[in-house]
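Below is one structure; the comments refer to it alone.
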Amino acid sequence: VDAAVEVMEAEWMSEGAVVPISRIEDIPRSEVSISGVVEVLWEPRHPSISQVGLIADESGRTKFTSWVRSDAPIVEEGDEVVLRDVAKNWYERRCSVALTGWSEIVFDERGQWW
């Protein structure tokens, strides 16, 4: 069992691997890739923010921010997406993610965007 867990964790740690949302804090990189459902979107509080909301998988949820300068496509509540190479951010000991110009959104039902 220990060996299986070690192999699974090594796979999560590899660059480009999609990690469970509950584990993004443990990944020793500044960028991660996650997969989940857009649960809720809020009205951005600043003109430099395109979208802000929560993304969740079976392990947990986290806040995501899409900056206007990232030029990312618009997501909708209920969309199943993969957020690739999103930057980890920390605020009040909570980890969230942000889409940058290097990030990619892959829509499960709408196909790919890059």
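- In this structure, E25 CD and R93 CZ are separated by 11.5 Å, a value rounded to the nearest 0.5 Å.
- Cluster note: W102 groups with no other residue, as no ILVMFWY side-chain heavy atom lies under 4.5 Å from it.
- A donor-acceptor contact shorter than 3.5 Å is absent between the side chain of K88 and the backbone of V32.
- Rounded to the nearest 0.5 Å, atoms OG (S66) and CG (L83) are 9.0 Å apart.
- Counting only heavy atoms from C-beta outward, the side chains of D26 and V19 never approach each other to under 4.5 Å.
- Residue pairs meeting the salt bridge (Lys or Arg N to Asp or Glu O under 4.0 Å) criterion with at least one member in residues 31-58, sequence neighbours excluded: E39-R61.
- The side-chain contact (heavy atoms from CB on, under 4.5 Å) test with V97 is passed by exactly one of V86, T65, D85: V86.
- Separating the CD atom in E92 from the OG atom in S96 is a distance of 11.0 Å, to the nearest 0.5 Å.
- In this view, S48 and H46 satisfy the side chain to side chain donor-acceptor pair (under 3.5 Å) rule, not counting sequence neighbours.
- Under the salt bridge (Lys or Arg N to Asp or Glu O under 4.0 Å) criterion, E77 pairs with no residue at all, not counting sequence neighbours.
- Looking at residues two or more places apart in sequence or on another chain, you find no salt bridge (Lys or Arg N to Asp or Glu O under 4.0 Å) involving R69.
- A donor-acceptor distance shorter than 3.5 angstrom exists from the side chain of S59 to the backbone of I21, with no hydrogens or angles considered.
- Nearest heavy-atom pair across V106 and R84 is CG2-NE, 4.3 Å.
- In this structure, A98 and N89 approach most closely via the heavy-atom pair CB-ND2, 3.2 Å.
- Residues T62 and I34 form a side-chain contact, since some pair of their non-hydrogen atoms from C-beta on lies under 4.5 Å apart.
- Hydrophobic cluster membership of W42, counting Ile, Leu, Val, Met, Phe, Trp and Tyr whose side-chain heavy atoms lie under 4.5 Å apart directly or via other members: V40, I49, V52, L54, W67.
- Residues L41 and F64 form a side-chain contact, since some pair of their non-hydrogen atoms from C-beta on lies under 4.5 Å apart.
- When the side chain to side chain donor-acceptor pair (under 3.5 Å) test is applied to T100, the partners found at least two apart in sequence or on another chain are S103.
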